[in-house]
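Just follow the structure's listing: the first ligand is 1, and inside any ligand the first atom is 1.
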Amino acid sequence: MRHIIDITDLAPSELDALMDTADDIMARPEAYRERARYKKLATLFFEPSTRTRLSFEAAMLELGGSVIGFASADSSSASKGESLQDTVRTVSCYCDVIAMRHPREGAAMAASLASEVPVINAGDGGHCHPTQTLADLLTIRREKGRLDNLTIGLCGDLQFGRTVHSLVHAMSRCEGVRFVMISPEELRVPEYIRAELERDGVPSRETTSLEGAMGELDLLYMTRVQRERFFNEADYLRLKDSFILTKEKLARAPKNMCVLHPLPRVSEISPEVDSDPRACYFKQVKCGKFMRMALLLMLLEG
Ligand code: NCD
């Protein structure tokens with residue numbers, strides 16, 4: 001049985017195949033309408049979500065399957081003190097695949113050990129978020145026509161931003177990729193990721209200046225400062241507006257740079273940027289649903 005805990009659980013050739021399938025679903029949605037008939041997805045969300053949960057649910061419905069689940073820990077037996085293992089073991093008796101989000105790092109891995117069906121990690125604390133990376137990869141491939149030879153700026157909360165961690169894992173496997181990590185000192189990318197980049201010989205540099213980095217980027221991946229992972233509110237308030245992408249700052253960027261953001265945004269991208277042709281974050285939302293459809297098919301059909 002196959003679980004998707006991080007993006008490296010999928011080989012590069014499988015990622016290519018998922019992107020091909022997603023492109024095909026976009027082109028011929030009617031051919032996929034019955035593909036998951038009589039199959040059930042359970043969405044177990046112990047943490048808030050709009051895009052990830054609803055795109056998983058829309059994906060399963062568009063494949064002709066059905067959906068059960070809960071959207072908060074309060075409405076599950078976790079609030080009565082049930083262990084994650086018992087919840088997952090139970091739910092896996094009712095469905096064919098599980099997508100789970102949980103505030104604790106490693107929760108998806110723990111769930112997979114208790115499950116009788118495939119578990120997809122829809123975000124585990126500040127650790128990983130592989131299906132957001134699927135959305136990111138398809139967006140990049142559709143916009144830039146390639147995944148290799150790119151200079152990628154990652155900006156904002158690189159310490160707690162789980163989408164950044166999974167994206168780095170995926171993109172470091174591509175030829176000629178270089179990272180520019182743009183963050184306040186306190187929110188630098190975790191040490192283990194820096195060590196992995198060094199081990200794999202992937203070029204990267206760190207900076208605190210978004211303006212200074214802008215001119216060299218093919219992609220700018222903005223992120224929200226992850227308030228829910230902070231130990232104290234004062235630190236969050238001090239750091240939350242470290243980087244705000246405005247029209248003026250974007251004027252320094254190459255004409256064909258893409259701005260990505262996993263969303264939700266708070267203040268880090270000014271709404272005036274949305275009408276710039278380089279703003280790709282709502283295209284990313286669309287790609288997310290089609291990649292989740294492709295992933296569900298892969299797990300359900302083997
Ligand atoms: C991200 C997440 O949950 O990690 N959102 C998402 O799934 N698109 C990013 C975030 O919450 O900042």
Whether Arg101 side chain and Ala122 backbone form a donor-acceptor pair below 3.5 Å: yes
What I want to find out is whether Glu198 reaches Arg194 closely enough, with some N-O distance under 4.0 Å, to be called a salt bridge. no
Identify which one of Glu268, Gln226, Lys240 satisfies the side chain to side chain contact (heavy atoms under 4.5 Å, CB included) criterion when paired with Asp157. Gln226
Ligand 1: which residues have a non-hydrogen atom closer than 4.0 Å? Thr52, Arg101, His129, Gln132, Arg162, Thr163, Arg224, Gln226, Pro262, Leu263, Pro264
Can you check side-chain contact (heavy atoms from CB on, under 4.5 Å) on Phe179 and Arg205, steps first, answer last? CA-CA 7 Å; Phe179 294 104; Arg205 74 177 176 90; over 6 Å; no
Go through the structure and list residues passing side chain to side chain donor-acceptor pair (under 3.5 Å) with Lys286, not counting sequence neighbours. none
Are Phe45 and Val97 joined in one hydrophobic group, where the rule is that I, L, V, M, F, W and Y side chains link up if heavy atoms are under 4.5 Å apart? no
